Amino acid sequence: MPELPEVETVRRGLEPILVGNAFARVEQRRPDLRFPLPKHFAERLSGRKVEALDRRAKYLLARLDDGEVLVMHLGMTGRFSIDRANGEASAPGRFAHPIADAQKHEHIVFHLGDGTAVRYSDTRRFGLMDLVPAQKLESHALFKGLGIEPLSKSFTPKWLAQKLRGKATSTKAALVDQRLIAGLGNIYACEALFRAHVSPLRLAGSLATRSGKPTAKTAALVAAVKAVLEEAIKAGGSSLRDYKRADGSLGDFQHRFKVYGREGKKCLTIGCSGTVRRIVQGGRSTFYCPACQR
DNA sequence: AAGAACTCCTGTTGGC
DNA sequence: TGCCAACAGGAGTTCT
């Protein structure tokens, strides 16, 4: 579910709770998520203090005081909620979930020294957690092939054109390929393509000239990717298929989708009379306007 | 070797 | 109402 903006929002929500605090006790309610949890997971975490909470692509990285890194990925349905010592529950990063779901699919609970409980629930269990020594993080199977951070200075039209040169796949498939760009997912890829007026079906290689230089479309696409991610982070991410909470703790960006989920509706590009279409690429829905995205 | 299909898992939704 | 197929924000593994 969560793409880069949602993971970043969760990170910002958890950071003040976790950093500087220690795990007093960790409850592990099943042996695995998507993969088996590491050996002695709960024991290895207990007593460890969190020194920093970082994000790489869609991964959260809790740096521990023994040199290990608690690596966490939310998959499609992974969520954290915070139980304050006073009993008040809330979701960090404004991602809430129904209570019943939280109970049934709550797989791991981190009890902090100050009495706060950080609960991880994950209905479909596509998420993962692992413990990796900090110095081995880069070479870890999950990280060694990861692509560029799209919000970094290094993600430029020139960089993208070089990478896409000669690629026979679709531009949409290239955008969601984590080995190229790390953190973009289905929704924001659709939204970025729409903003840049680039067709998701366009041959990725056509975004570079024969000599590997960026085209105007490449530049527009890079700018659109950065803009949509930045705006979504500012809005606290997007909340889909979530129950509304009384405290209003949900992301807002879902209300600003221009194409995602708008099949059959009028294209929102000024001056365009097209209609948004849904097609399937790589087994996932792509929404776009055939009239103004070329 | 690149690219696409399949797979994991559970829940919701829409059509008949 | 029930049943069943399609779909859901991801990505590693297995095919061609």
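In what follows, every heavy atom counts, from backbone to side chain, and hydrogens, waters and symmetry copies are set aside. Chain letters run A, B, ... following the sequence lines, proteins first, then strands; residues in each count from 1. All figures in this text were calculated on a predicted structure; none of them were measured in a lab.
- Annotation: of the two residues near DNA chain C, A:H73 and A:R278, the 5′-most nearest-nucleotide partner is A:R278.
- Rounded to the nearest Å, the gap between the P atom of C:dC3 and that of B:dC9 is 24 Å.
- The nearest whole Å value for the distance from the CG atom in A:L60 to the P atom in C:dG10 is 15 Å.
- Between A:F143 and A:Y59, the distance separating the two ring centers is shorter than 6.0 angstrom.
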Candidate pair A:L160 and A:V225, rule side chain to side chain contact (heavy atoms under 4.5 Å, CB included), full reasoning: CA-CA 12 Å; A:L160 187 61; A:V225 165; over 6 Å; no

Derivation and outcome, side chain to side chain contact (heavy atoms under 4.5 Å, CB included), residues A:I187 and A:F253: CA-CA 11 Å; A:I187 291 179; A:F253 200 75; over 6 Å; no

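- Dashed line: the shortest gap from a side-chain N or O of A:K104 to OP1 or OP2 of B:dT10 is not under 4.0 Å.
- Residues from residues 221-232 of chain A lying near DNA chain B, meaning a heavy-atom separation below 4.0 Å, are absent.
- At the heavy-atom level, A:F253 lies nowhere under 4.0 Å from the strands shown.
- Atom CZ of A:R79 and atom P of C:dG10 are 13 Å apart (whole Å).
- In this structure the side chain of A:L229 reaches within 4.5 angstrom of the side chain of A:L184, judged on heavy atoms.
- In the displayed structure, A:R179 atom CZ is contacted under 6.0 Å by at most 12 heavy atoms of other residues, nucleotides or ligands.
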Footprint string (nucleotides 2-9 of chain B, 5' to 3'): B base within contact, S backbone only, - free, heavy atoms under 4.0 Å: -SS---BB

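- Counting to the nearest Å, the P atom of C:dA11 and the CG atom of A:N186 are 11 Å from each other.
- Dashed line: the shortest gap from a side-chain N or O of A:H105 to OP1 or OP2 of B:dT10 is not under 4.0 Å.
- Between A:F23 and A:F110, the ring planes are tilted. Angles from 30° to 60° get that label.
- Two residues are said to be in side-chain contact when any heavy atoms from C-beta on lie closer than 4.5 Å; A:V276 and A:R278 fail this criterion.
- With rounding to whole Å, A:E3 atom CD is found 13 Å from C:dA11 atom C1'.
- For the atom pair CG of A:L60 and NE2 of A:H73, the computed distance is 9.0 Å after rounding to the nearest 0.5 Å.
- Separating the CG atom of A:D177 from the P atom of C:dG12 is a distance of 10 Å, rounded to the nearest angstrom.
- Regarding A:E263, its CD atom lies at a distance of 13 Å from the P atom of B:dG14, rounded to whole Å.
- To the nearest whole angstrom, the two P atoms, one in C:dA6 and one in B:dC6, are 13 Å apart.
- Atoms CG (A:L146) and P (C:dA11) sit 9 Å apart, rounded to a whole Å.
- The shortest side-chain heavy-atom distance between A:Y288 and A:V198 does not fall under the 4.5 Å cut-off.
- When base pairs are accepted only as Watson-Crick or G-U wobble with both N-N or N-O distances under 3.5 Å, DNA chain B takes part in stems of 3 or more pairs at B:2-8 with C:10-16, B:10-16 with C:2-8.
- For the OP1/OP2 pair of C:dA8 and a distance below 4.0 Å, the side-chain nitrogens and oxygens of A:S285 include at least one atom meeting the criterion.
- The minimum heavy-atom distance linking A:Y188 with A:S238 is given by the pair OH-OG, 2.7 Å.
- Among the atoms of the strands shown, none is found under 4.0 Å from any heavy atom of A:Y188.
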Step-by-step side chain to side chain contact (heavy atoms under 4.5 Å, CB included) determination, A:L151 to A:I233: CA-CA 11 Å; A:L151 291 178; A:I233 290 172; 3.7 Å; yes

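- Nucleotide C:dC7 holds its P atom 13 Å from the CD1 atom of A:I279, rounded to whole Å.
- In A:K163, the NZ atom is not crowded: 12 or fewer heavy atoms of neighbouring residues, nucleotides or ligands sit closer than 6.0 Å.
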